[in-house]
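The structure appears below as structure tokens.
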Amino acid sequence: NAGVTQTPKFQVLKTGQSMTLQCAQDMNHEYMSWYRQDPGMGLRLIHYSVGAGITDQGEVPNGYNVSRSTTEDFPLRLLSAAPSQTSVYFCASSYSRDRSYEQYFGPGTRLTVT
Amino acid sequence: EDKVVQSPLSLVVHEGDTVTLNCSYEVTNFRSLLWYKQEKKAPTFLFMLTSSGIEKKSGRLSSILDKKELSSILNITATQTGDSAIYLCAVEGGSEKLVFGKGTKLTVNP
């Protein structure tokens with residue numbers, strides 16, 4: 001049971017490049033989400049999914065796309081990277097969207113956009 | 001807009017001290033409040049609180065929710081250097097999304 005895995009751990013992009021951050025979980029969790037964490041800003045929700053085929057926007061969705069074709073995978077796509085997207089990105093999953101859930105976080109991806 | 005405010009933003013104490021971290025919130029249709037500890041990497045779950053006045057405890061850590069005051073506190077007694085971390089508070093409201101505070105950075109010096 002690997003929990004929540006994220007790849008890559010580190011990435012450097014040039015402005016305008018696109019890339020996909022991978023997230024996978026093997027706990028059969030329904031709910032998955034992506035956060036970004038900037039110094040002094042806490043965690044901010046980018047996109048989330050309550051099940052395969054269903055996604056929705058969080059607090060800071062601009063510049064990012066997601067899809068959820070399977071229960072296990074929830075990739076985050078940066079369409080045209082900008083320096084403002086330099087951040088640490090965390091993927092998280094939980095059993096369900098109801099009251100009694102706790103989120104398990106992946107190890108994070110540190111992204112730098114130059 | 002849902003909002004979570006943590007205080008203080010940073011705190012430096014000596015080993016053995018007791019600390020109290022605060023979290024206040026404004027959310028529509030409150031459902032739960034969660035505390036996380038973040039060391040070098042990903043946050044790890046500490047407590048979830050849904051009912052007012054009930055204390056959750058785990059060793060030297062405890063937390064209580066006050067729904068009337070829209071707040072929660074996290075207490076750590078007999079602090080150790082290993083307690084040094086960022087402590088995050090998050091609240092789930094009617095939107096069913098977690099809203100996080102900015103965190104309290106705790107440093108425990110030997």
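So you know, we letter chains A, B, ... as the sequences are listed, proteins then strands, and number each from 1.
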Would you kindly confirm whether L65(B) and L46(B) end up in one hydrophobic cluster when ILVMFWY residues are joined by side chain heavy atoms under 4.5 Å apart?
-> yes
In this structure, CD of Q37(A) is separated from CD1 of I86(B) (nearest 0.5 Å) by 6.0 Å
Please look at L45(A) and chain B and tell me whether the side chain, the backbone, both or neither of the residue comes under 4.5 angstrom of a heavy atom of that chain.
-> side chain
Please answer: with hydrophobic residues joined when any side-chain heavy atoms are less than 4.5 Å apart, are M32(A) and V66(A) in the same cluster?
-> yes
Below 4.5 Å, heavy atoms only, C-beta onward: do Y35(A) and L98(B) meet side chain to side chain?
-> yes
Say you draw a straight line from CZ of F100(B) to CZ of R44(A); how long is it, rounded to the nearest 0.5 Å?
-> 13.0 Å
Can you name the residues of residues 105-114 of chain A that have some heavy atom under 4.5 Å away from a heavy atom in chain B?
-> F105(A), G106(A), P107(A)
Quick one: disulfide (SG to SG under 2.5 Å) pairs with a partner in residues 45-88 of chain A, sequence neighbours left out?
-> none
Whether over 12 other heavy atoms sit under 6.0 Å from E15(B) CD | yes
What pairs of residues pass the disulfide (SG to SG under 2.5 Å) test when at least one of them lies in residues 10-58 of chain A, not counting sequence neighbours?
-> C23(A)-C91(A)
Would you name the heavy atoms of F90(A) and Q38(B) that are closest together and state the gap between them?
-> CZ-NE2, 3.6 Å
Determine whether L49(B) and V27(B) fall in the same hydrophobic cluster, where Ile, Leu, Val, Met, Phe, Trp and Tyr are linked whenever their side-chain heavy atoms lie under 4.5 Å apart.
-> yes
Determine whether more than 12 heavy atoms belonging to other residues, nucleotides or ligands lie under 6.0 Å from atom NZ of K37(B).
-> yes
To the nearest 0.5 angstrom, please state how far the NZ atom of K41(B) sits from the NZ atom of K9(A).
-> 5.5 Å
Verify same cluster id: L43(A), W34(A) (apolar side-chain graph, 4.5 Å) = no
Hey, could you give me each pair passing disulfide (SG to SG under 2.5 Å) that has a residue in residues 9-71 of chain B? Not counting sequence neighbours.
-> C23(B)-C89(B)
